[in-house]
Structure formats: structure tokens, C-alpha cells
Amino acid sequence: MNAPPLARLAVLISGRGRNLMALHAAVADGRIPATIVAVISNRADAGGLHFAAEAGLPCFVLPHVDYSDRAAFDRALAETLRPLQADIVVLAGFMRILTESFVREFEGRMLNIHPSLLPRHKGLHTHASALRDGDAEHGATVHFVTPQLDGGPCVIQGKFTIGAHDDAAKLAERVMDEVELKIYPQAVAWMARGELRFEQGSAAFRGRPLPEPLSLDDLEPGFR
Ligand code: GAR
């Protein structure tokens with residue numbers, strides 16, 4: 001029997017690329033049955049591009065400042081993605097609001113990670129917002145991307161208790177280390193294996209709609 005073909009991942013970044021690095025590590029050691037066909041950045045100075053180039057990943061830079069408006073940028077992004085035939089478009093710290101027509105084209109095969117316990121704290125400055133609101137817990141969420149900003153169906157959420165000495169910088173670090181670097185490779189692995197799907201507007205896991213997001217307790221041993 002031939003092994004099923006590897007899923008094709010396109011990873012979109014704007015910043016340091018720590019999620020990209022975790023995804024690459026999980027692809028390299030076989031935990032994610034996939035190949036990274038492209039790393040695309042809207043910023044030429046994104047730190048993650050250095051890593052991607054050194055790792056030999058195909059890189060594309062589309063500076064959003066070169067486009068007249070959001071729709072023009074999104075058209076160029078779609079034109080870059082289309083020939084890559086990505087099975088999964090992974091937004092990994094991609095700091096762009098996407099137009100509805102772009103999202104519709106890739107809906108169902110596009111995931112995002114957001115540094116909060118959605119639906120709490122959509123948008124920017126999530127760590128400061130959690131502190132301002134006196135939240136007891138904080139974390140990150142992987143969700144399918146729909147036209148509603150940070151509003152698509154949640155797949156997995158990792159949370160921890162906010163400590164008395166946690167400031168916004170410390171929370172950012174904890175969210176990344178304790179949650180994001182674990183839940184994103186896991187979610188992408190599930191999707192690459194066909195265990196996670198977008199069905200009728202909901203996240204379906206192993207054939208059933210998810211009544212609530214999966215949690216850190218659901219991580220497989222290789223992703224903990
Ligand atoms: C991550 O914390 C991610 O959740 C956040 O940007 C950071 C990217 O870090 N994304 C968003 O805020 C999206 N709204 P990285 O470039 O080191 O992976």
C-alpha cells in the first residue's frame with residue numbers, strides 16, 4: 001500500500017515565526033504528515049523569514065504597503081497561494097485582517113492561532129486586556145478562519161491561571177511557551193491526517209462536530 005500523500009502547508013507570517021519553527025520541527029520529525037510548500041510574509045523584515053530561508057523553505061514576500069488597498073493585497077496573496085495548491089493555509093502570527101472574498105476562497109482549509117481564550121479579547125493587545133479585565137485565566141486558541149475576525153469555530157484552546165506577578169510581557173511569553181507551541185502543531189497534525197475538518201460551518205473532529213474546543217488534556221504525547 002502506498003502511503004497517503006503529504007498535506008501541503010502554506011504558512012503565513014508577519015513576525016518572529018516561533019509558531020512557524022514549531023510547525024517546521026513537527027513536520028521534520030514526522031509528527032505532522034505534511035510538507036511546507038511556502039512561507040509567505042507581508043513584511044520583508046519578519047524575523048521568521050531568516051529561519052525559513054535557512055531551513056530551505058520556499059519564501060514569498062508580499063509587502064502589504066506596496067498595494068493600494070486591502071482588496072488588492074488579498075488578490076495578490078490569493079494569486080500567490082493558488083498555484084501552491086495548499087491543503088492547509090496556516091496563519092501563524094499573520095497580522096492582517098483578510099477580506100471576505102479571500103477568506104471564502106480558502107475557507108475550511110485555513111487555520112489561525114490567536115493569543116487569547118476566544119471569544120474573549122479578539123483583535124490586538126490581548127494580554128493587556130486580560131489583565132485589565134482581571135481575568136483569572138488566559139491562553140490561546142486555534143480556530144478555523146471565517147469572515148468574522150477571530151470569530152470562526154474554535155478547535156483547541158489551552159489555558160493557564162494568571163499569576164499575581166504576571167505582566168503583559170510575561171503573559172505573552174507564557175501563552176507562547178505553555179500553549180501556542182503545543183496546540184498549533186497538534187491542530188495542524190489533526191488536520192493533515194484528516195481528523196479535523198470544517199463541516200457545515202463547524203469544526204468536526206473525528207467525524208463529530210466539536211461541542212466545545214479541545215484542550216491541553218487532549219494533546220497527544222508527542223505534542224505535550
Ligand atoms: C503569536 O502570539 C500569535 O498568537 C499572534 O502573534 C504571535 C506571533 O508570534 N497572532 C495574533 O495576534 C493574530 N491576531 P510568532 O511570529 O513568533 O509565531
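Residues: numbered from 1 along the sequence shown. Both counts, for ligands and for their atoms, begin at 1 and track the order of listing.
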- Message: Do Arg31 and Phe223 form a cation-pi contact, if we require the NZ or CZ to be under 6.0 Å from the six-membered ring centre and within 45 degrees of the ring's axis?
- Response: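 Verdict for Phe223: a cation-pi partner in Arg31.
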- Message: When you measure from the heavy atoms of Ile13 to every atom of ligand 1, does any distance fall below 4.0 Å?
- Response: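 Ile13 does not count as a contact of ligand 1 under the 4.0 Å cut-off.
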- Query: Relative to the heavy atoms of Arg16, which atoms of ligand 1 are at a distance of less than 4.0 Å?
  - Reply: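 Those of ligand 1 that fall under 4.0 Å from Arg16 are 16 (O), 17 (O).
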- Query: For ligand 1, which atoms, with element, lie under 4.0 Å from some heavy atom of Gly15?
  - Reply: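 Answer, ordered by atom number: 16 (O).
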Provide, to 0.1 Å, the distance between [atom] and the closest protein heavy atom, together with that atom's residue and name.
atom: atom 8 (C) of ligand 1; value: Gly93 CA, 3.6 Å
atom: atom 12 (O) of ligand 1; value: Pro115 CD, 3.3 Å
atom: atom 14 (N) of ligand 1; value: His114 ND1, 3.5 Å
atom: atom 13 (C) of ligand 1; value: Met95 SD, 3.7 Å

Geometric N/O contact [X] with ligand 1, under 3.5 angstrom:
X: Gly17; value: yes
X: Glu180; value: yes
X: Asp150; value: no

- Message: Taking side-chain contact (heavy atoms from CB on, under 4.5 Å) as the criterion, tell me which of Leu214, Val155, Ile88 meets it with Leu196.
- Response: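 Filter result, single survivor: Val155.
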Give the table of side-chain donor-acceptor pairs shorter than 3.5 Å for residues 94-101, with sequence neighbours excluded, one pair per line with atom names and distance.
| unit_1 | atom_1 | unit_2 | atom_2 | d |
| --- | --- | --- | --- | --- |
| Thr99 | OG1 | Asp74 | OD2 | 2.6 |
| Glu100 | OE2 | Arg104 | NE | 3.3 |
| Glu100 | OE2 | Arg104 | NH2 | 3.2 |

- Message: Please check this pair: side chain of Gln157 against backbone of Ala140, looking for a donor-acceptor N/O pair closer than 3.5 Å.
- Response: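 Not a single qualifying donor-acceptor pair exists.
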- Query: So, the side chain of Thr141 versus the backbone of Ser116: is there a donor-acceptor pair under 3.5 Å, distance only?
  - Reply: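 It does hold such a pair.
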- Task: Answer yes or no: does atom CZ of Arg197 have more than 12 heavy-atom neighbours from other residues, nucleotides or ligands under 6.0 Å?
- Result: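 Counting other residues, nucleotides and ligands, CZ of Arg197 stays at 12 neighbours or fewer.
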- side-chain hydrogen bond (donor to acceptor under 3.5 Å, both in side chains) with Arg43: which residues, sequence neighbours excluded?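 Partners of Arg43 under the side-chain hydrogen bond (donor to acceptor under 3.5 Å, both in side chains) test: Asp45.
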